[in-house]
Every structure is written in structure tokens, then in C-alpha cells.
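One structure is given here, and the rest of the page talks about it.
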Amino acid sequence: MSDSRDLVIAGSGVAGLSAAVYAARADLAPLVLEGDEPGGQLTLTTDVENYLGFPDGIGGMELIQRGKEQAERFGATFEHGRIEAATLDSDPIELSLSSGETIRTRALLVATGASARWVGADNEAELMGYGLSTCATCDGAFHGGNDVLVVGGGDSAIEEALFLAKFADSVTVVHRRESLRASDIMARRARDHDAISFRWNTELEAIHGSQADGVTGATLVSHPDGHPTERAADGTVVDRETVDVQGVFYAIGHTPNTAFLTDTAVELDSEGYVVTETDAAGRITAETGVDGVFAAGDVADPTYRQAITAAGTGSMAALDAEAYIESRSTDQPSSAAGTPTTTTPSG
Ligand code: NAP
């Protein structure tokens, strides 16, 4: 059997980095696969003001860079790569990367995160992090006195709108239909709030502004029967209006990055999030129910989705993985820590 690593961490956002620091300090020489979005969601935000220990805030990118340096200092290594398929019932676990490489590892820590869905409006890639955001908790406080839009109609959109209304002068919820998907109690709170209003049967077509000036406006399309973008594509006439706003927040749901786990024994919930187990006493763990596979961060958390909680569960998962590896170390000695174990297919 070819050499195997002790631990591969899939994902290099806050959860993966926190896990890497803990695992590296435990001499597991973890390999971190950085994924398609190295650094994860924090790299899409500007300043982070609610992460403990930074009273003046810290840039999302800087926080990630510091975490990476911290993990590397203790012996973690990083490699570009995305897991395409995983064989979890083999020992060691086998991971097939999109590059064609195969990596073998005794334990896998899944910290692949969840990606906020994007609307597809013009200019969104340029303005993400510059007035366009997918996280009101992260960026809402920068919008004191501003007029902002929230796109979506579920609980997330309403929660974002209520949070933003603490800072912004006005919050307009832009929803593509005439009724909300959000729970009644949340919807009522938003309707009763003086600063929050609704644009029904409306979608966001374009965002205006620049990285230097931030968001300065948005083009909205409306149709009395809803789903205006679809109807515009069919050639049906829609109303089009440009509004002055200084912030746009997307809240149309998240997609957990678990495609490579769908054909494995790892349990996923109805939305694709990894389900982690509780122990015999009912306490939370980072175990997935599949031997040697652990999960941390947003990939297993549709509820809190905060950088600080991702860091916390990352450390938990590393500790669980360490205990697992240690418990098996007499059964199956691993290769020397840090030995490269990547193989390429012969053809
Ligand atoms: P969601 O319930 O799936 O709602 C997504 C919303 O975005 C829907 O209203 C949908 O419109 C709209 N949407 C989707 N794609 C769109 C597009 N391309 N353009 C414009 N609009 C689009 O997602 P969520 O609000 O993130 O909630 C996810 C889960 O977490 C839910 O179960 C929710 O109850 C839960 N959650 C709970 C709380 C809480 O209890 N405090 C807070 C947040 C989330 P349509 O309605 O037309 O499909």
C-alpha cells in the first residue's frame, strides 16, 4: 500500500485554517487543499469587525493570510486542488482531485464551506466586497445612513433586512414574487419596521458603481406577474428603473460545497449540508459517522455561519481527528509526517 498522509483538510477558509493550526501543532503535518475559492467567504468581505481580538477590525483577506501563515509556521502545507471524488470506505481514504491526482490519507477533515448564491446581475463580480455583500452581519455596520437593497424573500433576506435596518436609513427588500417564503413572524417584523419596504415582483438586473466609489445605484426590473428576468427573456415587456443605493445584499440562499460527498456514506441533510454526530452523552462532535471523516465550518452549519463559529468548529474537528488518528496509530503506522504522498494516474 502506498504511503498515506495522516490528515487532509479540504478547504482553506476560517474553519480549514483553524483546523490546520490545531492539527499542525499536534504534529499531524496536515495538507490543506485550498479549493476553488482559496480563503473562502471572508476573502469576499472587506473589514471584519466582529472577530474576537481585533478591536479595530481586520480585513477579511488579511485575517485569512494571517491564519495561513500561522498554520504554515507549525508545519501545515497548502496545495491548490479540489476534491472531485472520495472513496471513504477504503483504508486509507482515497481522494481524487480535479487535477487527476490521487491523495491517500488516514483522516479527512471537510471544511469546504458553503457558497452564497449570486444573482447574476451585471457588475456583481467587480463590486462584491465593495458595497455588494452576501453577509449583513459582516458588512451592515458600514452602511450607517445609507439606502440599501436586500435581494431575496426567505428568512435570510428578512433577517438581513432587520439587521441592516439598525444602521441604514432605508432597506428595500427586492423579491421576485409577490409573497415571501420567510416565516410569518419574521415577515411581520419586517413589515412593521418603518425603515423596511418591499419591491414585489422585482429582480435586480445591474449594480452600478466602482471599486473606488462603492455601490452607487442599481437597476431593477419588475413585472406584475413576477419573475421579471424570465419574462424579459421571453420577450415580455418589463418595467425597468434605476435607484440610488449605496449597498446591495444578496440573501438568496447558500449552497454547501458537498458535491464530492453525495455518493458516499457521509450523511447530508435535505439541503446538502453535512450532518455531524453527537456523542453518547448527546454532546456535539465534528464526526460525520464515517470513520476518519470529520466536518467543520459552514459546510456543516446552515444556522450560524459566522467566521468565529467556523474557527471554533475547525479546532473541534482537528481535535477529534487527532484523537481518531492516535487511537489507530498502533494498528496502522503512517508514513513520516509531511512525506508527500500525491500520486498521478499512470494514464
Ligand atoms: P430560502 O428559504 O431558500 O430563500 C431564498 C429566497 O431567495 C427565496 O425567496 C427565492 O425566491 C429567492 N431566490 C432564489 N434564487 C433567486 C434568484 N436567482 N433571484 C432572485 N431571488 C432568488 O433561503 P434562505 O432564506 O437562505 O433560508 C435557508 C434556510 O435557512 C431556510 O430553511 C430558512 O428558514 C432558514 N433560515 C432561518 C432563519 C431563522 O429562523 N432565523 C434565518 C435564516 C435562514 P422564491 O421564493 O421565488 O423561490
Side-chain angles (χ1 to χ4, degrees), residues 41 44-45 50 113-125 127-128 132-140 148-166 171-193 196-207 218-234 236 238-241 243 245 247-258 268-276 297-307 309-310:
Q41 289 185 59
L44 297 178
T45 193
N50 54 5
S115 303
R117 292 191 199 120
W118 290 21
V119 167
D122 290 350
N123 230 7
E124 65 183 10
L127 292 174
M128 186 57 76
L132 172 62
S133 169
T134 56
C135 177
T137 317
C138 314
D139 298 327
V148 301
L149 302 180
V150 174
V151 182
D155 281 322
S156 293
I158 300 306
E159 201 168 64
E160 302 270 280
L162 288 164
F163 186 79
L164 286 165
K166 295 178 190 183
V171 181
T172 305
V173 177
V174 174
H175 186 34
R176 63 186 179 184
R177 294 185 298 123
E178 212 164 38
S179 60
L180 294 173
R181 188 186 289 280
S183 55
D184 287 347
I185 184 164
M186 298 277 286
R188 199 174 325 120
R189 271 185 214 149
R191 282 202 193 92
D192 289 348
H193 201 297
I196 299 177
S197 60
F198 293 85
R199 289 285 300 253
W200 305 111
N201 296 324
T202 301
E203 284 177 277
L204 177 71
E205 186 177 66
I207 311 168
T219 300
L220 303 176
V221 288
S222 308
H223 190 283
D225 296 327
H227 290 269
T229 304
E230 263 174 50
R231 293 180 203 282
D234 290 346
T236 313
V238 300
D239 282 338
R240 189 169 271 103
E241 185 192 353
V243 294
V245 289
V248 176
F249 288 79
Y250 284 174
I252 62 168
H254 283 75
T255 306
N257 300 315
T258 51
L268 306 178
D269 72 10
S270 59
E271 294 174 52
Y273 288 90
V274 175
V275 177
T276 47
D298 286 12
V299 75
D301 173 18
T303 310
Y304 300 104
R305 299 196 292 232
Q306 299 301 300
T309 50

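Whatever order the structure lists ligands and atoms in, that order sets their numbers, starting from 1. Heavy atoms only: backbone and side chains are in, while hydrogens, waters and symmetry mates are out.
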- Does the protein put any heavy atom within less than 4.0 Å of atom 4 (O) of ligand 1? yes

- State whether a side-chain donor-acceptor pair under 3.5 Å links S133 with D139. yes

- Answer yes or no: are there more than 12 heavy-atom neighbours, outside D234 itself, under 6.0 Å from its atom CG? yes

- Message: Just to confirm my output: which protein heavy-atom neighbour is closest to atom 41 (N) of ligand 1, and how far is it?
- Response: E159 OE2, 2.9 Å

- R240 versus L220: any side-chain heavy-atom pair under 4.5 Å? no

- Can E241 and R199 be counted as an ion pair, charged N to O under 4.0 angstrom? yes

- Distance-only N or O hit between ligand 1 and G153, under 3.5 Å: yes

- Item | Side-chain heavy atoms of V151 within contact of E203, under 4.5 Å | no

- Query: In the protein, what heavy atom is nearest to atom 37 (C) of ligand 1, and what distance, to one decimal place, separates them?
  - Reply: D155 CB, 3.6 Å

- For atom 2 (O) of ligand 1, the protein heavy atom that lies nearest, with its residue and separation: R181 CD, 3.3 Å

- Message: Just so I know, are the side chains of L268 and V275 near enough to count as touching, which here means a heavy-atom distance under 4.5 Å?
- Response: no

- In terms of its nearest heavy atom to atom 32 (O) of ligand 1, the top option of E271, E160, E203, E230 is E271

- Message: Could you check whether any side-chain heavy atom of H254 comes within less than 4.5 Å of a side-chain heavy atom of Q41, counting everything from C-beta outward?
- Response: yes

- Within 4.0 Å of some non-hydrogen atom of R177, the atoms of ligand 1 are 45 (P), 46 (O), 47 (O)

- Query: If you measure from atom 12 (C) of ligand 1 to every heavy atom of V119, L180, I252, which option wins on shortest distance?
  - Reply: I252

- Query: Side chain or backbone of H175 under 4.0 Å from ligand 1, or both, or neither, by non-hydrogen atoms?
  - Reply: side chain

- Shortest protein contact, atom 24 (P) of ligand 1 (heavy atom only): S156 OG, 3.2 Å

- Residue, atom name and distance, where the atom is the protein heavy atom closest to atom 23 (O) of ligand 1: G253 CA, 4.0 Å

- Could you tell me whether the side chain of L180 reaches within less than 4.5 Å of the side chain of F198, counting heavy atoms only? yes

- Query: Nearest to atom 20 (C) of ligand 1, what protein heavy atom do you find, and at what distance?
  - Reply: R176 CD, 3.9 Å

